[in-house]
Amino acid sequence: MAEISKSYEPRDVEKKWYAAWQAAHAFAGRPAADRQPYCIVIPPPNVTGVLTMGHVLNNTLQDILVRRARLEGRAALWIPGTDHAGIATQTVVERELRKQKKTRHDFGREKFVEKVWDWRHEKGGIILEQLRRLGASCDWDRTHFTMDPAYSRAVLAVFVDLFRKGHIYRGKRLVNWCPASQTALSDEEVIMKPVNGTLWQVRYEIVDRPGEFISVKTTRPETIPGDVALAVHPDDPRYAGLIGKSVWRPLNRAQIPVVADTAVDREFGSGALKITPAHDKVDFEVGARHHLPVIDVLNADGTLNELAGPGLAGLDRFAGRKKAAELLKESGALVGEEAYQNNVGYSERADVPIEPRLTWQWWLKYPRVEEAKAAVRDGHIKFFPERWSKVYLHWLENIQDWCISRQLWWGHRIPVWYRKGLNKEKLTEADLKDPAKVHVSFDGPADKENWFQEDDVLDTWASSWLWPLATMGWPDETEMKKAGFDYFYPTTTLVTGPDIIFFWVARMIMAGLEFARPGAPLEKRIPFRNVYFTGIIRDHLGRKMSKSLGNSPDPLDLIDKYGADGLRFGIISIAPQGQDIRFVEDRIEFGKNFCNKLWNACRFRQLSGPAGDNASLAAIAARLDAAKFDADDHAILDRILATTRDLEKCFREFEFSAGIQALYGFFWNDFCDWYVEVSKAKLQSDETRANCLAIQDLVLRQTLLLLHPFIPFITEELWQLLGYGTADTFLMRDARLEDSSQLAAALENRGVRLDPAKTLRVSLLKELVSSARQLKASAGLAARSDLTYYLLNTAATNLVEVEDVARLLRLMGAKAFRVVGQAPENCPAIVTAAGTLYLEIKGTVDAAAEKQRLAKEQAALEKHIAATEARLANKAFTDKAPPAVIEGAKKQLAELQAKRAELERLLKALD
RNA sequence: GGACCCUUAGCUCAGUUGGUUAGAGCGUUUCCUUGACAUGGAAAAGGUCACUGGUUCGAGUCCAGUAGGGUCCACCA
């Protein structure tokens, strides 16, 4: 067995084990009749993306779940893959082309799509490689991509199916248009931002009352040429006589009517509203109600067109805005302007203001909305933290039809063909249902030459909403069988960010309910049973991490610096359930330090004695000798059992940072700081050595099992180095984590009955040791190890036993420790629960300093006693509090009073 | 406008059905390279739990309100 080196060097260890695991296909998830399934599908990252801290958190959590499930003996499967990310990817490739002064139109659709595929083949594997560095135990043989042929077939089959069911329709409506990407967007892809602009006041002259005007306020004067009316509130007395009259449109001068509509807010501005149906949602509705025409003055790229009139046509919308204001000023129509902040919708991807634009698009009326609500409301799908279910339900309550078509080239081209010669813009509802005019199918019409295909592609989310289905072979039955659909669906847990609860989570639920196992009960059709929402990682100032701010560290740099395990440990330790996380690198260093501590504790074990039979928990337990157990042995086994229980609870409740804290506290404080230290004495005696080594092995083995999901690399390495595995096996694949009851049973089988009295004694010994060190330090003798301590014990029972003394001496740093019945003279002292501890000092004691120290403690004690006395004196408390609490308070008071008496005695002795 | 979250030590954060004197890591001060680990050990300092009320024998924890910070939804031109 190789010797464990002095410090942990993650780089080679990580490389070695990841390669070994992969070569053995150890991550493969296969159905097994005698095992419970456990399945996670990865939230597919953008195919051209790179790893961010958000990915690190998200994927570490998934890996923790999947690795823990494996150790529990479940057939665990984690399906990886990537998303083609329509707009994002197309934009990236177009940006590259622009560097060569070209656009996608220079290549044409087919050539351009080829170029995107090239790009994908070149860059598409990066993020998955990076996930491997992190230790992600995905079943890589089952990697999927949303544009793979099989996946695409699923996407298009769903389109055809929903079209036939009447859920998908084509409609001309005002959509969110992104002038940069030149495509429609869904409502979810628009983010509102406050923008500082100008509110212009413009007057419209009344046609038959020259010299009289109606004024309106607008933030968008460039759309005035698109005005088709002014609207006022029907009950507004100011305009009562004007309804039905006409006014002069001040730009592209023409007569437009004044209409009455309740949509107008009388309080705002002058109470009159200009109606521009082509460029505003409310205006569009008003226009429809009053049968007004639509004048679209914008081109697809956001420039003004001929309808905007001379002076404006050809200008960009922002330049046009300025110009329009100037023109109005010249003509005297502009009567005021003020600084104004309003909310403007921005394209999430391109980060430019969107334009409401009237276009033909494909729409989806969501299926299974009511079932989707019920699935979460009735607990078939559980959200962690639970509060997100409210957000989810609220969205479903107000759900709007989904614009699923995109004017892009990169994506799933909509499987609709139109008969040649038809004008797409003039199709009626009846035409769309007439198979002689419109053909909808996966394969297309047999006589393709007589048809032309729809240009639009589908929204990326209209493919990723099928992720849990299509990654398991759906809808092809042979493929589903191969993928184990029957066994693994519904998946167990989805781990994702709350920012895509509408984009993805809700839609996957509806897709699952609609398409999985038709006719089966709801709980068989849902795509997952649990959804764990992570927090968002922010920088130390609380800002969202983003590329443009440059405030996101590169996770790969962090892995180089602290190791993947250190990064994982650190990030999970600061990620409580559902709270946002402020990233501080200190915590990652903390993770690295923990790994080094673990490493060295195992090194200590290795250096302490030869390995025994370590092949299983039973084998190690067989080496325990209950007759040789002392209090420390009892206490450490009690703690590892409790920690095992704690972790079980943490996994049940998705409390990972609590889990890691429990492991940290146990391992660092209980095992390293105490048990390893007391071991040093035990190991020197032939009498106790073997039993002590067996306990170390039992504890370390269990600790490695509990830690492995969090820090897989180092635990695998140590598992092997300490011989807990057998030849050709992995901790990650072949080991089984005994649960707390199995662990307790293994101990009992060896006659080990954990004794609470002994655990309690250890806490007394700890207090003694820490008091002894305190005495040394305050006497300025911290470095000395040749001191003598006396423990005054006048009680009938002796709390410190002979067998404890050797260990106490080592930990106190003392040469002698004596239990005495009479107080020694001239020694500084501390009152402990085990008796008063004295430090023998050569020379004179600084009585003043000693008095001060004791008096300070006395003051704190007095305060505490007073509070406890007051509590017990309160009749309401003694009447109403539970007996256990009252008993506890009484006992505590007695102890405090005894301590006070002893302190008073010590103070008196100093006088 | 509606909903939700946060405010605890200098910093980053825990605190699970209300119940001893509120914890951790980092940082700070002092001491220690003792044969697992200086990526370490020991000791110490540091908090009126944002504020104001309420419920309760008892509130960091439950309720209401206020202030500050954040997120989501809806948006009046």
Side-chain angles (χ1 to χ4, degrees), chain A residues 4 6-8 192 199 216-220 231 263-265 267-269 272-276 280-283 340 342-343 345 385 387-388 390-391 394-395 398 498-499 501-502 536 538 540 542 544 562 566 570 573-576 578-587 589-590 592-608 649-650 653 655 657-658 661 664-665 669 672-673 676-677 680 769-770 773-778 780-783 785 810 813 860-861 863-864 867-868 871 874-882 884-886 888-889 891-893 895-896:
Chain A
I4 299 177
K6 196 165 168 167
S7 69
Y8 176 54
M192 303 304 289
L199 188 62
V216 301
K217 287 190 172 181
T218 181
T219 53
R220 303 206 55 190
V264 178
D265 177 3
E267 308 298 316
F268 190 91
L273 174 64
K274 76 186 201 65
I275 301 300
T276 323
D280 185 276
K281 209 171 171 187
V282 173
D283 291 8
Y340 189 69
N342 66 335
N343 283 329
R387 64 186 147 88
W388 290 112
K390 202 170 169 181
V391 176
H394 181 255
W395 185 73
N398 300 289
D499 50 332
I501 189 166
F502 312 135
I536 292 164
R538 304 173 173 281
H540 68 287
K544 227 168 157 168
Y562 303 105
S573 77
I574 48 172
Q579 290 299 335
D580 286 359
I581 297 133
R582 277 186 203 218
F583 179 79
V584 275
E585 202 167 311
D586 289 358
R587 299 304 288 246
E589 191 173 2
F590 166 72
K592 180 193 172 194
N593 293 350
F594 180 80
C595 290
N596 194 59
K597 190 75 176 175
L598 177 66
W599 184 259
N600 274 287
C602 291
R603 180 165 188 260
F604 174 76
R605 163 63 193 90
Q606 196 186 49
L607 297 174
S608 296
K649 181 167 181 279
C650 291
E653 295 170 1
E655 293 280 3
S657 68
Q661 277 161 29
Y664 177 89
N669 305 129
C672 293
D673 288 350
V676 165
E677 292 308 319
K680 288 172 183 173
V769 167
S770 130
R773 289 163 173 170
Q774 208 180 315
L775 280 173
K776 268 209 296 195
S778 58
L781 301 170
S785 57
R810 177 179 282 271
L861 200 58
K863 231 169 118 186
H864 194 190
T868 313
R871 210 144 58 98
N874 183 350
K875 190 163 179 307
F877 174 69
T878 49
D879 284 353
K880 294 185 181 175
V885 171
I886 297 169
K891 194 173 160 224
Q892 186 200 346
L893 183 61
E895 284 167 7
L896 292 170

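Chain naming here is simple, since letters A, B, ... match the order of the sequence lines and numbering starts at 1 in each.
- Heavy atoms of A/Ser573 sit nowhere under 4.0 angstrom from any nucleic acid atom.
- In this structure, A/Tyr664 places its OH atom 14 Å from C1' of B/C13, rounding to the nearest Å.
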Report, one pair per line, the protein and nucleotides 60-63 of chain B atoms (nitrogen or oxygen only) whose separation is under 3.5 Å.
none

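- Applying the side chain to side chain donor-acceptor pair (under 3.5 Å) rule to A/Ser7 yields the partners A/Glu9; only residues at least two apart in sequence or on another chain are considered.
- Counting to the nearest Å, the C1' atom of B/C13 and the CZ atom of A/Phe583 are 14 Å from each other.
- Between the CD1 atom in A/Ile574 and the CZ atom in A/Arg587 there is a gap of 6.0 Å [rounded to 0.5 Å].
- Note that CG of A/Asn593 and OH of A/Tyr8 are 13.5 Å apart. Values are rounded to the nearest 0.5 Å.
- The aromatic rings of A/Tyr664 and A/Phe590 are tilted relative to each other, their planes meeting at an angle between 30° and 60°.
- Under the side chain to side chain donor-acceptor pair (under 3.5 Å) criterion, A/Arg605 pairs with A/Asp697, not counting sequence neighbours.
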**Q.** Residue pair A/Lys592, A/Lys597: steps toward the side-chain contact (heavy atoms from CB on, under 4.5 Å) verdict
**A.** CA-CA 9 Å; A/Lys592 180 193 172 194; A/Lys597 190 75 176 175; over 6 Å; no

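- As rounded to the nearest Å, B/U61 and B/A9 have P atoms that lie 15 Å from one another.
- Where A/Ser778 and A/Val282 each meet RNA chain B at their nearest nucleotide, the meeting point lying more 5' is that of A/Ser778.
- One finds the CG atom of A/Asp280 at 7.5 Å from the CG atom of A/Leu273 (value rounded to the nearest 0.5 Å).
- Rounded to whole Å, the separation between the C1' atoms of B/A3 and B/U21 comes to 40 Å.
- Side-chain proximity of A/Thr218 to B/C4, B/A77, B/G70: nearest is B/A77.
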Q. So what's the dot-bracket for RNA chain B: Watson-Crick or G-U pairs under 3.5 Å, [ ] if a pair crosses, | if it pairs off-strand?
A. (((((((..((((.....[...)))).(((((.......))))).....(((((..]....))))))))))))....

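- The side chain to side chain donor-acceptor pair (under 3.5 Å) search around A/Lys217 returns A/Glu338, not counting sequence neighbours.
- Relative to the side chain of A/Arg773, the nucleotides B/C75, B/G70, B/A42 differ in distance, and B/A42 lies closest.
- Using a 4.5 Å heavy-atom cutoff, the side chains of A/Thr276 and A/Lys274 are in contact.
- For B/U56 and B/U17, the C1' atoms lie 16 Å apart once the distance is rounded to whole Å.
- For A/Lys776, there are no salt bridge (Lys or Arg N to Asp or Glu O under 4.0 Å) partners, not counting sequence neighbours.
- When distances are taken from the side chain of A/Val264 to each of B/C72, B/A77, B/C76, the shortest belongs to B/A77.
- Between atom OH of residue A/Tyr340 and atom OG1 of residue A/Thr218 there is a gap of 10.5 Å, rounded to the nearest 0.5 Å.
- Scanning atom types as modelled, one donor and one acceptor separated by under 3.5 angstrom connect the side chain of A/Arg587 and the base of B/U12.
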Find every protein N or O atom lying less than 3.5 Å from an N or O atom of nucleotides 7-11 of chain B, and list the pairs.
none

Q: In sequence, state the C-alpha distance, the side-chain angles, and the governing distance for A/Ile536 and A/Ile581, and then conclude on side-chain contact (heavy atoms from CB on, under 4.5 Å).
A: CA-CA 6 Å; A/Ile536 292 164; A/Ile581 297 133; over 6 Å; no

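- Only the C1' atoms considered, B/A42 is 31 Å distant from B/G60, to the nearest whole Å.
- The residue A/Tyr340 sits close only to the backbone: its heavy atoms come under 4.0 Å of sugar-phosphate atoms, none of a base.
- Atom P of B/A24 sits at a distance of 36 Å from the matching atom of B/A67, rounded to the whole Å.
- The CG-P distance, from A/Asn343 to B/C72, rounds to 13 Å in whole Å.
- For A/Lys680, the side chain to side chain donor-acceptor pair (under 3.5 Å) partners at least two apart in sequence or on another chain are A/Glu677.
- Scanning both residues, A/Ala601 and A/Cys672, for their nearest heavy atoms gives CB-SG, 3.9 Å.
- Using atom C1' as the reference point in both B/G35 and B/G41, the two lie 14 Å apart (nearest Å).
- Of the candidates B/C72, B/G25, B/A77, B/G25 carries the atom nearest the A/Phe590 side chain, counting heavy atoms from C-beta on.
- Atom CG of A/Asp499 is separated from atom P of B/C73 by 10 Å (rounded to the nearest Å).
- A/Lys649 meets the salt bridge (Lys or Arg N to Asp or Glu O under 4.0 Å) test with A/Glu653; sequence neighbours excluded.
- Atom-to-atom distance recorded for A/Arg773:CZ and A/Leu775:CG is 12.5 Å, nearest 0.5 angstrom.
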Q: Let me have a per-nucleotide readout for nucleotides 14-22 of chain B, 5' to 3', with B, S or -, counting only protein heavy atoms under 4.0 Å.
A: S-B--BBB-

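- One finds the OG1 atom of A/Thr868 at 11.0 Å from the CD atom of A/Glu895 (value rounded to the nearest 0.5 Å).
- Between A/Gln774 and B/A42 there is no side-chain N or O to OP1 or OP2 distance below 4.0 Å.
- Partners of A/Asp580 by salt bridge (Lys or Arg N to Asp or Glu O under 4.0 Å), not counting sequence neighbours, listed by chain and number: A/Arg538.
- The base of B/C57 is not paired with the side chain of A/Asn874 by any donor and acceptor separated by under 3.5 Å.
- Taking atom NE2 of residue A/His394 and atom P of nucleotide B/A3, one finds them 9 Å apart after rounding to whole Å.
- If you measure from atom CG of A/Asp280 to atom C1' of B/A77, you get 7 Å, rounded to the nearest angstrom.
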Q: Mind running side-chain contact (heavy atoms from CB on, under 4.5 Å) on A/Val885 and A/Phe877 for me, showing each step along the way?
A: CA-CA 10 Å; A/Val885 171; A/Phe877 174 69; 3.9 Å; yes

Q) How would nucleotides 33-40 of chain B be written as a contact map, 5' to 3', with B for base contact, S for sugar-phosphate-only contact and - for no contact, using protein heavy atoms under 4.0 Å? A) ---BBSBS

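- Nucleotides B/U28 and B/G69 are separated by 28 Å at their C1' atoms, to the nearest Å.
- Rounded to a whole angstrom, the distance from the C1' atom of B/C26 to that of B/G65 is 37 Å.
- When rounded to the nearest whole Å, the span between CD1 of A/Ile886 and C1' of B/C57 equals 9 Å.
- B/C75 atom C1' lies 17 Å from atom CD of A/Glu267, rounded to whole Å.
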